[in-house]
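Here's the structure we're looking at; comments come further down.
Everything quoted here is computed from the prediction, not taken from an experiment. The first residue in the sequence is number 1, and the count goes up from there.
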Amino acid sequence: MERKTTHIPPEDIARQRGYCGAIKEINTRFAKAPLAFVDTYGCQQNEADSERIRGYLKEMGYGFTQDEKEAAVIVINTCAIREHAEQRVLGNVGALVHTKRKNPNQIICLCGCMVQEPHNAAKIRTSYRHVDMVFGPHALWRFPEFLYRILTRRGRIFETADDPGSIAEGIPVVRQNGVKAWVSIMYGCNNFCSYCIVPYVRGRERSRDPEGILAEVEELAKAGYKEITLLGQNVNSYGKDLPEPMDFADLLRKVNAVPGDFLIRFMTSHPKDATEKLFDAMAECEKVAPVIHLPVQAGNNRVLKAMNRVYTREIYLEKVRQLRQRIPDIVLTSDIIVGFPGETTEEFEDTMSLLREVEYDALFTFIYSPREGTPAAKMPDPMSKEEKSANFQRLVDLQNEISLKKHQAYEGKTIRCLVDGRSDDPRNNLTARTPGGRLVHFTGDEKLIGTYQNLTITGCSTWALFGELAE
């Protein structure tokens with residue numbers, strides 16, 4: 001396994017920004033700035049990647065639209081975690097043949113994890129001829145070069161070569177709002193869970209230098225961002241490839257020391273690397289939110305071993321105990337896969353009992369989806385879809401009971417929350433988040449967006465809290 005991190009030289013990034021300038025010159029020939037549409041599927045890392053794509057597009061002179069019919073350039077950033085996500089992408093890409101027919105000069109680009117899978121890249125090449133550009137996560141930094149080639153020479157571009165991955169600093173960023181920001185601290189994954197495609201499409205783990213991360217956080221804090229989320233496929237592995245020793249707990253303390261009134265979140269944490277040192281840092285750093293996403297995936301040891309999770313149920317539960325000992329009000333969320341190949345109903349009961357013992361605040365649940373190229377895709381899978389669906393529903397019903405009980409405990413409390421946007425609840429016009437990330441609907445002036453406010457919790461549902469401004 002290649003551990004050495006490759007850094008893209010600054011002069012290579014400068015060359016890409018030169019392509020941005022050349023494209024901007026082309027775009028000045030139009031009566032008004034052409035528009036770009038960027039659509040993102042999947043995880044927060046994909047969201048962060050799309051912010052860099054928008055950064056490049058803005059530097060090229062493009063405006064932005066949410067209507068693909070208006071767009072001169074369409075970029076679809078894809079996800080490969082589950083089959084359902086891939087089918088949604090392919091359906092939406094197929095529909096773009098109509099916009100391309102009306103606007104033959106429209107440029108359609110597919111990027112992200114899904115297109116890094118060889119079978120999907122081949123399918124797009126042969127069956128989706130209206131797609132002009134395909135590039136994987138490793139080639140994102142070269143997006144301006146690819147777009148310039150298409151604008152000046154036409155033809156199609158496919159850049160999906162297998163690559164251990166690299167780090168590119170200095171790419172411009174356009175963030176979605178001025179309240180919350182994503183900061184990638186590392187890329188790739190070395191865990192090779194038997195069901196997961198991520199290490200194959202995002203490459204090996206590679207950590208950004210702490211100086212670059214801290215400079216980005218300082219810039220965001222000065223700009224007034226109120227919530228900064230540190231991102232990695234497994235943030236707990238941060239620093240293992242750095243020349244100077246540093247781990248994630250060390251980085252967390254350094255980010256906490258950056259001046260400013262902001263909250264620090266992070267994701268995702270692999271349980272095998274979640275240490276007491278990390279829990280101590282979380283407890284002692286006043287800016288670190290009292291929340292952790294700690295995916296367990298299953299509650300049975302045989303299934304965990306088959307998943308290559310490298311911990312047991314007992315080890316996981318001990319980490320939860322250590323965490324709650326240090327941070328009694330910690331908000332704990334997790335992922336669970338139902339119907340992993342070979343899982344029996346008796347083994348699934350172990351997952352149900354773990355759920356009762358831990359009592360997560362929220363849970364992300366999935367029925368197993370085979371990913372071509374992973375070891376689990378070749379494992380015997382005798383349980384019927386009907387049994388898996390029944391187990392899945394039992395899991396969801398139990399978690400809903402727990403979530404409602406957890407939310408009811410907030411009623412009557414006044415909590416400092418970050419007002420982060422507009423609500424889709426017809427009774428309230430704003431949303432906020434507690435420090436633990438719980439959603440709160442309330443009514444107030446839209447000028448409050450981007451500020452911290454004390455909210456008194458007046459009610460709840462399974463999925464959200466309801467509150468009002470404290471007097």
When rounded to the nearest 0.5 angstrom, what distance separates [atom1] in [X] from [atom2] in [Y]?
X: His84; Y: Ile81; atom1: NE2; atom2: CD1; answer: 14.0 Å
X: Leu231; Y: Ser184; atom1: CG; atom2: OG; answer: 5.0 Å
X: Met307; Y: Cys193; atom1: CE; atom2: SG; answer: 8.5 Å
X: Ile53; Y: Cys109; atom1: CD1; atom2: SG; answer: 8.5 Å
X: Thr268; Y: Asp335; atom1: OG1; atom2: CG; answer: 7.0 Å
X: Ser166; Y: Trp141; atom1: OG; atom2: CH2; answer: 7.0 Å

Output yes when [X] and [Y] qualify as a salt bridge under the 4.0 Å nitrogen-oxygen rule, no when they do not.
X: Arg142; Y: Glu145; answer: yes
X: Asp261; Y: Arg416; answer: yes
X: Glu284; Y: Arg326; answer: no
X: Lys100; Y: Asp132; answer: yes
X: Arg52; Y: Asp49; answer: yes
X: Arg175; Y: Glu216; answer: yes
X: Glu227; Y: Arg433; answer: no
X: Glu169; Y: Arg208; answer: yes
X: Glu86; Y: Arg371; answer: yes
X: Glu446; Y: Arg422; answer: yes

Are a donor atom and an acceptor atom from the side chains of [X] and [Y] found within less than 3.5 Å of each other?
X: Arg82; Y: Tyr368; value: no
X: Thr99; Y: Glu68; value: no
X: Glu205; Y: Ser207; value: no

*Show your reasoning for whether side chain to side chain donor-acceptor pair (under 3.5 Å) applies to Thr333 and Asp361.*
CA-CA 6 Å; Thr333 64; Asp361 292 78; over 6 Å; no
If you define the side chain from C-beta out and look only at heavy atoms, does anything of [X] sit under 4.5 Å from [Y]?
X: His270; Y: Arg309; result: yes
X: Ile157; Y: Arg149; result: yes
X: Tyr410; Y: Ile415; result: yes
X: Ile108; Y: Tyr128; result: no
X: Gln176; Y: Ser50; result: no
X: Ile74; Y: Asp39; result: no
X: Met282; Y: Lys277; result: no
X: Thr443; Y: Leu430; result: no

Where [X] and [Y] come nearest, the two heavy atoms and their spacing:
X: Pro144; Y: Ile23; result: O-CD1, 3.6 Å
X: Ser461; Y: His407; result: O-ND1, 3.0 Å
X: Pro210; Y: Leu242; result: CD-CD1, 4.0 Å
X: Arg438; Y: Ala362; result: NH1-CB, 3.7 Å
X: Pro259; Y: Phe262; result: O-CE2, 3.8 Å

Return yes if some donor-acceptor pair links the side-chain N/O of [X] with the main-chain N/O of [Y] below 3.5 Å, else return no.
X: Lys287; Y: Gly260; value: yes
X: Arg54; Y: Phe37; value: no
X: Asn77; Y: Asn46; value: yes
X: Gln116; Y: Thr160; value: yes
X: Asp247; Y: Asp250; value: yes
X: Thr78; Y: Cys111; value: yes
X: Arg156; Y: Val131; value: yes
X: Tyr452; Y: Lys226; value: yes
X: Ser334; Y: Leu363; value: no
X: Lys319; Y: Thr275; value: no

- Task: Going by the side-chain hydrogen bond (donor to acceptor under 3.5 Å, both in side chains) test, name the single residue among Asn191, Asn234, Asn236 that passes it with Asp273.
- Result: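 Passing option: Asn234.
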Leu252, Val183, Ile228 screened by side-chain contact (heavy atoms from CB on, under 4.5 Å) with Ile264, the one that passes:
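Of all the options given, the one that passes is Leu252.
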- Could you please spell out the steps behind the ring-ring contact (aromatic ring centres under 6.0 Å, His included) verdict for Phe442 and Phe466? CA-CA 6 Å; Phe442 76 104; Phe466 300 93; over 10 Å; no
| Looking at residues at least two apart in the chain, or sitting in another chain, which of them share a salt bridge (Lys or Arg N to Asp or Glu O under 4.0 Å) with Glu117? |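 For Glu117, no residue satisfies salt bridge (Lys or Arg N to Asp or Glu O under 4.0 Å) once neighbours in sequence are set aside.
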Those residues that, when tested against Asp425, pass salt bridge (Lys or Arg N to Asp or Glu O under 4.0 Å) (two or more places apart):
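Partners of Asp425 by the salt bridge (Lys or Arg N to Asp or Glu O under 4.0 Å) criterion, ordered by chain and then number, come out as Arg427.
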What verdict does the ring-ring contact (aromatic ring centres under 6.0 Å, His included) test give for Phe192 and Tyr200, after you've listed the backbone C-alpha separation in whole Å, the side-chain angles of each residue and the deciding distance to 0.1 Å? CA-CA 8 Å; Phe192 288 92; Tyr200 303 94; 5.3 Å; yes
| request: Answer yes or no: are there more than 12 heavy-atom neighbours, outside Gln87 itself, under 6.0 Å from its atom CD? | output: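 Counting other residues, nucleotides and ligands, CD of Gln87 exceeds 12 neighbours.
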Taking atom NZ as the centre, does Lys272 end up with more than 12 heavy-atom neighbours from other residues, nucleotides or ligands that are less than 6.0 angstrom away?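 Counting other residues, nucleotides and ligands, NZ of Lys272 exceeds 12 neighbours.
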Taking the ring centre of each residue, are [X] and [Y] less than 6.0 Å apart?
X: Phe364; Y: His293; answer: yes
X: Tyr238; Y: Phe248; answer: no
X: Phe135; Y: Phe158; answer: no
X: Phe366; Y: Phe392; answer: no

Practice task
Mind running side chain to side chain contact (heavy atoms under 4.5 Å, CB included) on Trp182 and Leu230 for me, showing each step along the way?
Solution key: CA-CA 6 Å; Trp182 312 109; Leu230 309 179; over 6 Å; no
Evaluate Asn308 against Tyr195 for side chain to side chain contact (heavy atoms under 4.5 Å, CB included), listing each step before the verdict.
CA-CA 9 Å; Asn308 193 35; Tyr195 53 82; over 6 Å; no
